[in-house]
Amino acid sequence: MRLPPVDRAAPAVAAIQPYQPGKPISELARELGLSDIIKLASNENPLGPSPKAVSAMRAVEPELALYPDGNGFALKQALSRHLGVGMEQITLGNGSNDVLVLLAEAFLTPESHAVYSQYAFAVYPLAVQATGAQAGQVPATADLGHDLDAMLAAVNEHTRIVFVANPNNPTGHFIARERLRAFAEALPANVLLVVDEAYHEYLPPDESWTALDWLDDFPNLVVTRTFSKAYGLAGLRVGYAVSHAAVADLLNRIRQPFNVNALALAAAEAALQDSAFLQQAFRVNRQGMAMLEENLTRLGLAFVPSRGNFLLVDMGRPAGPLYEALLRKGVIVRPVGNYGLPNHLRVSIGTEAEMQYFCRALEQVLNES
Ligand SMILES: *Cc1c(COP(=O)(O)O)cnc(C)c1O
């Protein structure tokens with residue numbers, strides 16, 4: 001049989017391990033014939049999208065035959081006001097995943113090097129490896145956090161980007177303001193510092209600082225955010241980067257001309273104005289997190305304290321069978337063996353009812369096995 005010339009593909013691409021997404025509800029429904037399924041696997045917002053975002057999408061329906069605004073003017077203007085940054089500093093993406101990949105494409109070549117932490121977001125290695133650049137994965141601290149000193153030491157003359165997720169996924173770790181500030185100051189100015197704030201909106205008020213405040217101090221700083229998590233728009237794919245205008249200009253050269261679709265642009269702009277929805281998402285997350293922590297403690301399970309909308313739980317034994325047993329009860333969580341954490345499961349925070357159901361299912365599954 002004749003094969004396509006896959007042996008001629010870019011060597012770096014052939015070596016990539018594909019991303020493993022959380023199992024979709026429809027897939028589990030197909031496999032097990034279940035109808036009542038809860039998904040706590042991808043850190044989505046259990047409240048769904050903001051009603052304001054939904055009406056904004058309805059209003060766009062008549063225009064769907066037209067290309068979207070390739071410059072995303074209205075959303076950028078709304079973000080500019082919301083964040084107090086210039087429109088020319090904003091790069092919109094098809095999810096923040098898109099802008100992370102654009103950053104890698106714009107700054108990395110096979111001769112260069114990028115740094116990120118062990119147990120950091122899985123998209124960093126993917127984005128780096130696709131460019132053929134050398135991936136500098138720095139071992140985490142004993143508690144699975146970013147080892148900023150070691151990351152700084154890993155920076156060499158070839159390093160072009162350092163990725164820091166704050167809060168991080170899948171661990172939920174949060175780096176204190178002074179520590180990240182010191183890191184930004186110590187980092188050579190010719191290395192891009194990408195601070196991924198995908199879970200920023202879940203930070204409690206007393207910790208709700210943002211690296212956006214430092215953009216004037218560090219021209220090499222890029223902050224990424226998303227509408228996929230607290231804003232409840234994961235299915236639409238929209239996120240953004242805020243950077244120096246010169247970095248945004250570079251990213252603009254390589255992004256697809258219409259990388260954010262019309263529904264996503266309209267929904268994100270409306271969601272940004274719905275602060276009541278965001279507050280509700282924050283409250284539900286706090287309550288669900290407290291309930292989950294209480295139950296895990298009662299069951300004798302350890303977990304990493306999390307500033308996100310998920311909890312990384314140490315099952316104290318291989319987590320694969322527990323994951324499978326939970327699936328049979330209609331509960332989808334996230335195995336993290338691909339992160340090198342075979343004994344852990346990552347559980348997204350759902351509604352009160354979902355968390356009650358999950359805690360019961362977990363207890364049963366632990367007793368059965
Ligand atoms: C979910 C997540 C993202 C956002 O992904 P989108 O592409 O915007 O949906 C980015 N960074 C981290 C750390 C995440 O967990």
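Just so you know, residue 1 is the first one in the sequence shown, and it goes up from there. The model shown is predicted, which means the values in this text are computed figures rather than measured ones.
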> More than 12 heavy atoms of other residues, nucleotides or ligands under 6.0 Å from CD of Q356: yes or no?
yes

> Please report the interatomic distance CG(L28) to CD1(I38), rounded to the nearest 0.5 Å.
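It comes to 11.0 Å.
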
> Can a side-chain donor-acceptor contact be found between K329 and Q364 if the only test is distance below 3.5 angstrom?
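Judged by distance alone, the side chains do pair up.
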
> Using modelled atom types only, decide if a donor and an acceptor are shared between the side chain of R255 and the backbone of P257 within a distance under 3.5 Å.
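Confirmed, R255 side chain pairs with P257 backbone.
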
> So, does H146 use its side chain to make a donor-acceptor pair with the main chain of L148 at under 3.5 Å?
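The answer is no, because no donor-acceptor pair under 3.5 Å joins these two groups.
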
> Evaluate the ring planes of Y124 and F121, with Trp represented by its six-membered ring, and classify them as parallel (under 30°), tilted (30 to 60°) or perpendicular (over 60°).
perpendicular

> Are the side chains of Q256 and N94 in touch, meaning some heavy atoms are under 4.5 Å apart?
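No, every pair of side-chain atoms sits at 4.5 Å or beyond.
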
> Determine whether N309 and Y199 make a side-chain contact, defined as any pair of heavy atoms from C-beta on separated by less than 4.5 Å.
yes

> Examine the side chains of N220 and N190 and answer whether a donor and an acceptor come within less than 3.5 Å of each other.
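No, N190 and N220 have no side-chain donor paired with an acceptor closer than 3.5 Å.
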
> With clusters defined by side-chain heavy atoms of hydrophobic residues (ILVMFWY) lying less than 4.5 Å apart, directly or transitively, does I90 cluster with L103?
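Result: no, two separate clusters.
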
> Does V85 offer a backbone N or O that forms a donor-acceptor pair with the side chain of S80 under 3.5 Å?
yes

> Examine distances only and state if a side-chain atom of S243 and a backbone atom of V247 form a donor-acceptor pair shorter than 3.5 Å.
no

> Apply side chain to side chain contact (heavy atoms under 4.5 Å, CB included) to residues F358 and V333 and explain how you reach the verdict.
CA-CA 9 Å; F358 168 76; V333 296; 3.7 Å; yes

> Should V365 and V331 be regarded as members of a common hydrophobic cluster, given that ILVMFWY residues are connected when their side-chain heavy atoms come within less than 4.5 Å of each other, either directly or indirectly?
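V365 and V331: one cluster.
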
> Would you say the side-chain atoms of S50 pair up with the backbone N or O of A53, donor to acceptor, closer than 3.5 Å?
yes

> For the backbone of A122 and the side chain of Y339, can you confirm whether one donor and one acceptor N or O come within less than 3.5 Å of each other?
yes

> Hey, mind stepping through D196 and V223 against side chain to side chain contact (heavy atoms under 4.5 Å, CB included) and telling me if it holds?
CA-CA 6 Å; D196 180 343; V223 179; over 6 Å; no

> Is there a donor-acceptor contact under 3.5 Å from the side chain of T131 to the main chain of A133?
yes

> Would L83 and M87 show up in the same hydrophobic cluster when neighbours are defined by side-chain heavy atoms closer than 4.5 Å?
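No, L83 and M87 fall in different hydrophobic clusters.
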
> Ignoring hydrogens and angles, state whether a donor on the side chain of T210 or D213 is under 3.5 Å from an acceptor on the partner side chain.
no

> Of all the heavy-atom pairs spanning L251 and A106, show the shortest one and how long it is.
CD2-CB, 3.9 Å

> For the pair E207 and R177, find out whether any cationic side-chain nitrogen is under 4.0 Å from an anionic carboxylate oxygen.
no

> Take N97 and R237 through the test side chain to side chain donor-acceptor pair (under 3.5 Å) and record every step on the way to the result.
CA-CA 9 Å; N97 195 328; R237 316 301 305 123; over 6 Å; no

> Tell me whether V162 shares a hydrophobic cluster with L250, the cluster being built from Ile, Leu, Val, Met, Phe, Trp, Tyr side chains joined at under 4.5 Å.
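Different hydrophobic clusters.
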
> Per the side-chain contact (heavy atoms from CB on, under 4.5 Å) rule, which among L79, D69, V238 passes with L92?
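One option only clears the test, and that one is L79.
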
> Mind checking the CZ-CD1 spacing from R30 to I25? Nearest 0.5 Å is all I need.
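Interatomic distance, R30 CZ to I25 CD1, rounded to 0.5 Å: 12.5 Å.
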
> So V164 and L193, do their side chains get closer than 4.5 Å, heavy atoms only?
yes

> Go through the steps to decide whether M315 and H344 satisfy the test side chain to side chain contact (heavy atoms under 4.5 Å, CB included), and finish with yes or no.
CA-CA 6 Å; M315 308 310 291; H344 288 74; over 6 Å; no

> I'd like to know if the side chain of T297 and the backbone of E293 have a donor-acceptor N/O pair within less than 3.5 Å.
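Judged by distance alone, yes, a pair lies under 3.5 Å.
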
> Taking all non-hydrogen atoms of both residues into account, name the closest pair between E88 and A248 and its distance.
O-CB, 3.3 Å

> Check whether any side-chain heavy atom of F163 sits under 4.5 Å from a side-chain heavy atom of L100, and report yes or no.
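The answer is yes, as the side chains (C-beta and beyond) meet within the 4.5 Å cut-off.
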
> Evaluate the criterion side chain to side chain contact (heavy atoms under 4.5 Å, CB included) for residue pair L263 and L64; output intermediate values, then yes/no.
CA-CA 8 Å; L263 293 171; L64 287 179; 4.0 Å; yes

> If you measure from the Lys or Arg side-chain nitrogens to the Asp or Glu carboxylate oxygens, is any gap between R181 and D217 under 4.0 Å?
yes

> Under 3.5 Å, side chain of N71 to main-chain N/O of F73, donor-acceptor pair present?
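Side chain of N71 to backbone of F73: no pair is present.
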
> What are the two closest heavy atoms between A12 and Q129, and how far apart are they?
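Closest heavy-atom pair between A12 and Q129: CB-O, 3.1 Å.
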
> Flag the pair K229 and E201 as a salt bridge only when some basic side-chain nitrogen lies within less than 4.0 angstrom of an acidic carboxylate oxygen.
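The answer is no: the pair does not qualify as a salt bridge.
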
> Please give me the minimum heavy-atom distance between A281 and Y202, naming the atom from each residue.
O-CE2, 4.0 Å

> Search all heavy atoms of A104 against all heavy atoms of V128 and return the closest pair with its distance.
CB-N, 4.5 Å

> Nearest 0.5 Å please: distance from the CZ atom of R179 over to the CZ atom of F174.
11.5 Å

> Is it the case that more than 12 heavy atoms not belonging to R8 sit under 6.0 Å from its CZ atom?
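Result for CZ/R8: open.
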
> A side-chain contact here means heavy atoms from C-beta on lying under 4.5 Å apart; do L292 and C359 qualify?
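Yes, close enough: below the 4.5 Å cut-off.
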
> Taking the side chain as everything from C-beta on, heavy atoms only, tell me whether Y240 gets closer than 4.5 Å to T91.
no

> Does one hydrophobic cluster hold both F183 and L192, with members joined at side-chain heavy-atom distances below 4.5 Å?
no

> In this structure, are over 12 heavy atoms from other groups packed under 6.0 Å from Q17 atom CD?
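Count not over threshold, so no.
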
> As an exercise, state the distance from CG of L312 to CG of L144, rounded to the nearest 0.5 Å.
6.5 Å

> Can S348 and N43 be counted as having a side-chain donor-acceptor contact under 3.5 angstrom?
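Yes, side-chain donor-acceptor contact under 3.5 Å.
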
> Salt bridge check: are E354 and K39 linked by an N-O gap of less than 4.0 Å?
no

> Roughly how far, to the nearest 0.5 Å, is CZ of R307 from CG of N285?
11.5 Å

> Taking all non-hydrogen atoms of both residues, which atom of N168 and which atom of F310 are closest, and how far apart?
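N168 and F310 have their closest heavy atoms at O-CZ, 3.2 Å.
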
> Got a sec: does the CD of E294 have more than 12 other heavy atoms crowding it under 6.0 Å?
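For E294, atom CD is not crowded (no more than 12 foreign heavy atoms under 6.0 Å).
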
> Could you tell me if the side chain of L187 sits less than 4.5 Å from the side chain of L152, heavy atoms only?
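With C-beta onward as the side chain, the pair touches.
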
> Just so I know, are the side chains of L203 and P167 near enough to count as touching, which here means a heavy-atom distance under 4.5 Å?
yes

> Do side-chain atoms of N367 reach the backbone of E363 as a donor and acceptor pair under 3.5 angstrom?
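Looks like yes, one N/O pair under 3.5 Å.
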
> Will you find, in the side chains of H158 and S112, an N or O donor that is under 3.5 Å from an N or O acceptor?
no

> Hey, are R328 and E31 close enough for a salt bridge, meaning a charged N less than 4.0 Å from a carboxylate O?
no

> Working to the nearest 0.5 Å, report the span between CD of Q89 and CG of L212.
9.0 Å

